[in-house]
Amino acid sequence: MASVESLANQVQTNLIHYNFWTKVKIHDINNGLKAVIGLPPSKLDSNDEEDQPEWVIPRSLVSNSSISVKEINEWFTGIAILEEKRPKRITIGIVNDDGTVVYYFIHDGIVKPRQN
Amino acid sequence: MAEERDEAVITKDEANFDVEDEVQDWKLLNKSLTSGTGIPKRGEKEFEPDGTNVQIDSLQESRNAMYEALSGVRGHHLKQKLVGVWDVENGRCIVPHAKGNYFRDVGVPVNIGNKIRGGMSLNPLETVYLVERGSMVIYLGNEVYSDFLQSNEDGIEFDYDQLVALDLEFLYSLAFNGKEYSIEKYQVYAYLKRLGYLVQQFKPIGDKDQRTKLAERKTGTSLVNTIFGYVDHILKKNRLFEVLKSKLHNWGILAAPLFHGLHFATKHYFNFTDVFKSLSLIQSYSTYDSIKEDPQPSENYDLTFNVWRPTPTFSKKNPPLPDFQVSVVNTDVARFPNLETIQALHNRLNFQFKGEEGKTVIPRVKVVNKKKSSMPPSKKELRYQRQKERQSKLDEAIQKRNQYNKVRDNKLKYGSDGRTVVIATVNNGVLNFINITEGDFKLQKNMDLDDIYPGNDHGIIYIEST
Amino acid sequence: MIEATGGSIDIEESFKAVEIDSTSIQSNQQVILDTTEIPKILLPLISRNGQPEVLIFNVEDIKRLRDKYGILGILIGTLAQYPQQNFFLSVPLKLFIWEVIWLVESGYAQLIDQVNYRLDKAKELQSKGKLQNNNVIVMTKKDPNSKSASQLESREANFIVTPNTDSHKYSKDYRTICADDYEVSLKDYLKSYIESTSLSQNQVRSYYQNFKYLKKQGFFINPGLKFGGDLVLYPGDPLRFHSYSIVKFNMVDLQDFVVGGRLATSVKKNIVIIGDVDESEEDGSTEEVNDEFIQSLAKEPKKMSFSIEWSGFG
Amino acid sequence: MAKRNNKQQLNKIYANALPVTLSSEKYGIALPNLFPHNPISWLFYLVRLVQVNTLYSVPQSTVELVNVKYEDSIFKVTDEESIAKLWRSGFFGKGTLSRSEPTWKERTINRLNLEENEANVVSMEEVTSKRRDERKKFKTERSKLQDLELKERKGDISADEAIQLENLRNVVPNLRSANFKPGFGNDNKDTVIRLEDLELIESNILIKNLEFLQLQAIEVFFLKFALNVVQVSNLTMKQLFYECCLLVENSPSPNVTNKFILDYVVYHHYRSLGWCVRSGVKFGCDQLLYKRGPPFTHAEYCILIIPNDGKEKYDWFEMAAKARVIGTVKKSFVLVYVDFPTQAKFDLLWNSEEYEDEGQRFHDILHSYKVTEVLYRRWAPSKTRD
């Protein structure tokens with residue numbers, strides 16, 4: 001199965017060289033979990049602040065594809081420890097075995113959808 | 001741009017909008033339903049409450065329009081008075097004088113005593129539907145009424161004001177008190193009836209099931225036919241020829257067998273179609289295979305309705321094969337069926353095999369709008385016409401190939417021989433309809449395609465470049 | 001939902017997932033609920049031998065459910081004025097299980113064994129002799145409401161009708177009889193509901209708590225299968241507002257994440273997933289629908305939730 | 001990058017359906033036609049056949065195997081020639097930094113204005129990013145519009161704002177319909193070089209290609225087992241198969257319903273029917289079927305693979321969501337149920353020492369699986385009445 005490091009590296013490269021993010025770094029959060037943080041080239045949401053860094057949690061779609069609310073909450077608490085503040089939103093980077101990474105926002109609580 | 005639709009970008013296109021997904025705005029009730037299309041316009045709704053009076057008033061208006069419509073009158077003209085009597089004991093409705101169009105597909109004829117000749121007995125679904133749309137009024141039967149039916153006195157009209165007239169609420173609680181008829185079945189029934197479909201409870205039509213018919217179909221050919229068929233087969237399909245050819249092909253070199261590591265290094269290939277043939281390995285289901293195995297459906301699945309498109313010639317006594325066969329399922333009760341259940345449902349359908357004697361199968365080809373002749377042809381029709389003209393000018397071989405590709409695409413997309421069951425799911429009162437069809441991408445033993453290009457491996461989709 | 005302060009409403013702020021504390025949450029109900037004066041709504045329970053169904057035929061009740069309690073239900077009957085379409089339907093209004101539990105558990109309504117009540121009442125009526133069905137009326141071509149009473153009287157009845165419900169039933173008499181003799185307990189309702197479906201008792205509790213959690217936040221709620229979810233949420237009455245979110249109770253697979261997120265985004269919504277704050281809270285020991293189980297439904301939901309949408313990049 | 005609208009050009013580039021060299025292609029030879037009723041043609045055929053086999057060596061016997069590196073649970077092809085071969089002959093793999101065909105290098109040269117920058121070439125990825133910019137602009141303007149509309153309704157709008165509102169009412173609908181069309185080139189695009197880019201360039205030349213072709217496990221095994229055109233690190237066919245199983249599930253020997261095996265069975269089935277099969281992850285299904293391949297046509301079918309184990313694996317909600325996503329992109333939804341052998345039978349074949357050739361082992365194993373296709377389509381009763 002793909003290691004946590006390998007997944008984090010894939011997401012990091014994808015963010016820098018496919019999505020043109022900058023200052024992308026990998027952090028250890030709790031339980032051997034890794035999170036990637038970086039700056040997107042422009043605001044991801046009109047309500048975001050300029051140069052607002054974004055946390056991305058890498059996950060593999062192929063191995064260990066199950067997910068729970070409890071687990072998501074752990075990501076939030078893990079990042080809260082690093083940031084000293086629970087983030088309003090994180091992003092999950094889902095890595096497929098063909099190298100595709102798809103990114104989804106996970107907002108804390110019930111928020112209204114972006115008006116697209 | 002071919003890749004556009006396959007990329008990760010998610011577009012929010014209106015194509016994904018379905019009017020029935022949305023809660024309708026009742027303010028538009030009269031406006032939209034009296035308009036020519038009969039389809040409501042997409043209401044102008046807002047994203048979120050903003051606290052303005054404009055918005056609050058507008059909401060109140062919509063609500064009032066709704067409540068008003070719900071309080072509307074349900075009934076019919078006294079001149080066409082249609083009366084039913086609910087038989088509590090049997091959970092059915094007796095219609096003593098059944099007349100009118102409604103009974104084309106509704107009810108079973110009954111005669112009771114001297115009084116009822118040519119009456120109808122309706123099941124709860126049929127009863128509620130007729131009353132709910134205002135086409136029938138219904139009374140609660142009692143001993144007085146039974147006595148009247150059994151009496152021999154002639155010429156007395158029954159005074160229905162001796163009986164309790166049922167309001168809709170009372171009727172529902174009586175009609176759906178048993179196990180057999182559920183609200184969800186009624187919802188599906190009424191939904192289809194409102195659209196004009198003819199709907200009856202599912203029952204086998206004809207006296208033979210698919211299994212028997214399939215067996216007869218296989219053994220039905222005479223010896224002469226078999227021989228001719230065989231000769232024809234050889235000549236047409238060149239199967240023997242193909243075998244010889246491949247043998248010849250192998251002789252020169254003693255190629256390694258298929259899937260041997262050395263196979264492709266030891267055998268000459270001259271086209272990709274042959275390469276694909278050599279890769280054939282995975283067994284696959286071919287249409288009707290499951291009929292022999294007789295799979296059983298899970299207890300939550302059964303066929304519920306036979307459904308026909310409206311036809312003026314419909315005969316209740318001797319109905320044609322249904323256009324759709326529906327299984328109703330409650331999403332709180334059953335999950336998506338397993339393969340065995342799907343196959344069991346397919347095997348229980350009223351179904352006619354291709355070439356089977358008797359009623360002719362209506363080809364399921366989409367007919368381009370049959371509009372009245374006075375209407376100018378639509379864009380779609382014009383396009384279709386032009387396409388047809390263009391086609392007819394092409395080389396015959398190309399026409400044939402195009403025809404073949406079209407038939408094949410249809411068989412891939414809609415099933416190679418069309419055994420389809422409709423599953424109507426009811427999720428807390430919300431309906432969804434799904435076609436579940438037997439597929440066969442290998443297109444094995446396909447007569448229609450054999451008619452065009454005999455002997456082809458129809459499932460190989462690759463077109464050799466020449 | 002939500003106070004009429006105007007401008008944008010910061011739901012993110014008000015409903016922090018982990019810190020849900022029922023007492024601190026303002027009721028966002030559009031109308032403040034007051035149960036002291038109003039008699040309970042009687043919920044006709046139909047089909048007690050199969051899956052129990054609560055169907056409302058009384059338009060006054062439908063009004064109250066919607067305007068006061070934000071309960072939508074689903075209309076399933078044919079609209080007699082336009083009987084050949086499925087866009088606008090009419091009574092009965094079918095309530096789904098979470099709405100029923102919520103109404104009963106909150107004390108706004110009670111369940112009535114409809115068929116027995118109505119049969120007994122009919123018997124009584126018939127025993128009294130002459131019936132008054134009053135089902136023949138005067139119908140004019142145009143709007144009947146606009147005619148004055150005298151004009152109507154002068155015309156002969158020409159139309160035979162079936163009303164939605166029994167107009168006498170809201171007499172005081174009726175209410176007492178129903179409440180006393182025909183009430184069905186929530187326990188019995190849930191017992192037969194669980195027996196007739198594949199839902200387990202734990203699922204019923206957990207899903208109901210999800211519903212309650214959402215209801216508390218002032219959302220209007222409908223079933224969600226059309227969008228692949230358990231529920232859909234509206235920020236206000238769906239007659240005026242587009243839905244916000246598709247709610248999934250059981251999100252277990254990343255595939256669902258991709259599918260759900262993609263679907264929601266394409267229809268301008270997001271996906272909301274809900275879970276228990278503390279999983280050990282789930283006292284899944286009881287297998288039976290007993291009083292203890294019914295009491296557990298009334299507990300404050302301890303839930304956390306997340307909203308998922310496509311990021312717009314990648 | 002090839003000009004995409006030139007069909008002939010495309011046909012030429014993608015002439016091979018699989019990375020197998022045909023004798024007809026290599027030597028320009030063909031076998032003569034055979035006519036059943038003409039024995040002469042038989043003879044002619046036979047003679048020619050012997051001739052071909054004695055005069056020409058089979059092309060695949062001389063072709064070098066493509067090297068696939070297996071690292072970090074990823075199957076990588078880095079050699080440019082191999083990448084081109086696998087992509088162009090059947091569309092195997094995906095560029096890790098591209099949507100399909102690896103084009104990162106060209107895009108980067110283009111973006112950073114490095115050497116050999118071909119102007120006026122716009123890649124799919126650039127079209128997308130441009131369109132998203134437009135979209136963003138639309139959204140900003142629309143949100144302004146909405147704020148002003150709210151003000152207007154509340155009646156506290158200033159004269160200036162009223163003018164602005166009128167203006168926006170005209171502008172916003174146009175913005176929505178504005179569609180970026182490719183071909184304008186990089187007109188107003190400034191070259192921004194990030195710190196991250198500096199590592200890649202040296203005196204205006206791209207020195208690192210970060211992109212490789214990533215193969216899915218099912219693709220690798222097909223290329224190895226079915227076509228024998230790759231060598232994967234130092235793995236034997238059996239080791240490779242086992243590694244692929246491990247990617248999904250840890251077990252001492254493969255489970256008969258391991259998702260890799262089921263996926264492979266289905267993959268092989270469609271590949272052998274000439275379909276181009278690619279990952280369906282973006283649409284929540286397992287595989288996509290293309291008649292020819294991504295540059296030619298849309299994928300037409302979305303495949304969901306389900307073990308035929310009697311279980312009701314999916315609830316209606318999951319199915320409805322998948323079907324709707326698939327419907328949105330106008331594809332057809334196919335459920336593929338896979339019958340599998342007993343674990344005992346599988347183990348017997350897996351452990352057997354009778355096979356002198358591994359291909360034969362996997363032939364026998366895979367032949368004991370069977371697929372059944374079921375088509376799932378929404379029915380709209382209002383549209384099928386007449």
Side-chain angles (χ1 to χ4, degrees), chain B residues 2-3 5-9 16 50 52 54 192 195-197 238 241 245 248-249 252-253 259-261 264-272 275-276 279-285 309 331 335-340 342 413 415 422 425 433-437 439-442 459-462 465, chain D residues 11 17-18 20 22-24 30-31 34 36 46 49-50 52-53 58 60-61 99 124 128 150 153-154 226 228 265 268-269 272-275 282 291 294-295 297-299 308 310 312 314-316 319 328-329 332 334 337 357 359 363 366-367 370-375 377-379 381-382 385:
Chain B
E3 277 169 277
R5 219 184 269 167
D6 299 330
E7 55 167 302
V9 175
N16 203 26
D50 60 12
T52 59
V54 182
L192 295 172
L195 289 174
Y197 286 100
N238 297 341
F241 216 63
K245 208 164 112 184
L248 282 173
H249 205 140
I253 46 154
F259 295 103
H260 190 286
F264 283 106
T266 52
K267 184 171 167 181
H268 283 285
Y269 278 93
F270 299 91
N271 60 58
F272 282 106
V275 176
F276 288 122
L279 293 176
S280 178
L281 167 65
I282 309 297
Q283 305 178 69
S284 74
Y285 176 90
R309 295 191 183 93
T331 54
R335 293 166 68 83
F336 187 81
N338 62 22
L339 181 61
E340 195 177 357
I342 291 172
K413 202 167 166 189
V422 173
T425 60
F433 295 92
I434 294 136
N435 279 311
I436 299 285
T437 304
D440 178 8
F441 272 63
K442 218 170 182 176
I460 295 182
I461 201 78
Y462 181 74
S465 59
Chain D
N11 279 331
L18 292 171
V20 170
L22 301 178
S23 304
S24 47
L31 288 176
L34 268 175
L46 192 67
L49 186 66
V50 174
V52 165
N53 279 301
V58 176
Q60 281 303 105
S61 64
R99 192 174 298 142
M124 288 306 302
T128 306
L150 183 63
R153 266 199 260 168
K154 289 185 175 163
N228 197 22
V265 164
H268 189 109
H269 171 64
S272 73
L273 290 173
W275 292 92
K282 289 169 201 160
K291 273 228 182 82
T297 48
H298 301 295
N308 185 21
E312 292 177 349
Y314 292 101
D315 67 30
W316 285 102
M319 291 306 274
T328 311
V329 288
S332 300
V334 184
Y337 290 88
D357 180 83
H363 169 276
L366 295 166
H367 191 64
K370 179 181 172 184
V371 298
T372 302
E373 288 137 341
V374 170
L375 313 173
R377 251 174 318 130
R378 216 174 146 189
W379 181 40
S382 59
R385 216 200 61 163

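From a predicted model like this one, the values you see are computed outputs, not experimental measurements. Letters go in sequence order (proteins before strands), and every chain restarts at 1.
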I need the residue from D:Gly359, D:Ala30, D:Ser332, D:Ser24 with the largest number of non-hydrogen atom pairs under 4.5 Å to chain B.
D:Ser24

Any sub-3.5 Å donor-acceptor pair from D:His268's side-chain atoms to B:Leu279's backbone N or O?
yes

Tell me which of these, D:Trp275, D:Tyr337, D:Trp379, has more heavy-atom pairs under 4.5 Å with chain B than the rest.
D:Trp379

Is there a side-chain contact between B:Tyr269 and D:Leu22, using heavy atoms and a 4.5 Å cut-off?
yes

I'd like to verify something: which residue of D:Asn11, D:Val265, D:Val52, D:Asp357 has the highest number of heavy-atom pairs under 4.5 Å with chain B?
D:Asp357

Which residue out of D:Ser61, D:Ala226, D:Ser23, D:Gly310 racks up the most heavy-atom pairs below 4.5 Å with chain B?
D:Ser23

D:His269 NE2 to B:Leu281 CG distance, which is reported to the nearest 0.5 Å
11.0 Å

Check for a donor-acceptor pair, side chain of D:Glu373 on one end and backbone N or O of B:Phe441 on the other, with a separation under 3.5 Å.
yes

Atom group of B:Ile342 that falls short of 4.5 Å from chain D, counting heavy atoms:
side chain

Give the minimum heavy-atom separation between B:Arg335 and D:Glu312, together with the two atoms involved.
NE-O, 2.8 Å

Between B:Tyr197 (side chain) and D:Pro381 (backbone), is there a donor-acceptor pair under 3.5 Å?
yes

Value for CE (D:Met319) from CD1 (B:Ile436), rounded to nearest 0.5 Å, stands at 6.5 Å

Heavy-atom cut-off 4.5 Å, strictly under: side chain, backbone, both or neither for D:Thr372 against chain B?
both

Given that the side chain runs from C-beta out, which part of B:Leu192 has a heavy atom under 4.5 Å from chain D: side chain, backbone, both or neither?
side chain

Measuring from atom NZ of B:Lys413 to atom CG of D:Leu375, what distance do you get when rounded to the nearest 0.5 angstrom?
11.0 Å

Which heavy atom of B:Lys442 sits nearest a heavy atom of D:Leu273, and at what distance?
CG-CD2, 3.8 Å

Pair count under 4.5 Å, heavy atoms only, with chain D: among B:Tyr285, B:Phe272, B:Tyr462, highest is B:Phe272

Answer with side chain, backbone, both or neither: which region of D:Asn228 has an atom nearer than 4.5 Å to a non-hydrogen atom of chain B?
side chain

Between B:Ser280, B:Ser284, B:Gly196, which shows the greatest number of heavy-atom pairs under 4.5 Å with chain D?
B:Ser284

Rounding to 0.5 Å, atoms CD1 (B:Ile434) and CZ (D:Arg378) come to a distance of 8.5 Å

B:Thr52, part contacting chain D, at a heavy-atom distance under 4.5 Å:
side chain

Quick check on D:Val334 against chain B: is it the side chain, the backbone, both or neither that has a heavy atom closer than 4.5 Å?
side chain

Let me confirm one number: the CH2-OG1 distance from D:Trp316 to B:Thr425, rounded to the nearest 0.5 Å.
6.0 Å

If you take the centroid of each ring, where Trp contributes its six-membered ring, are D:His367 and B:Phe259 closer together than 6.0 Å?
no

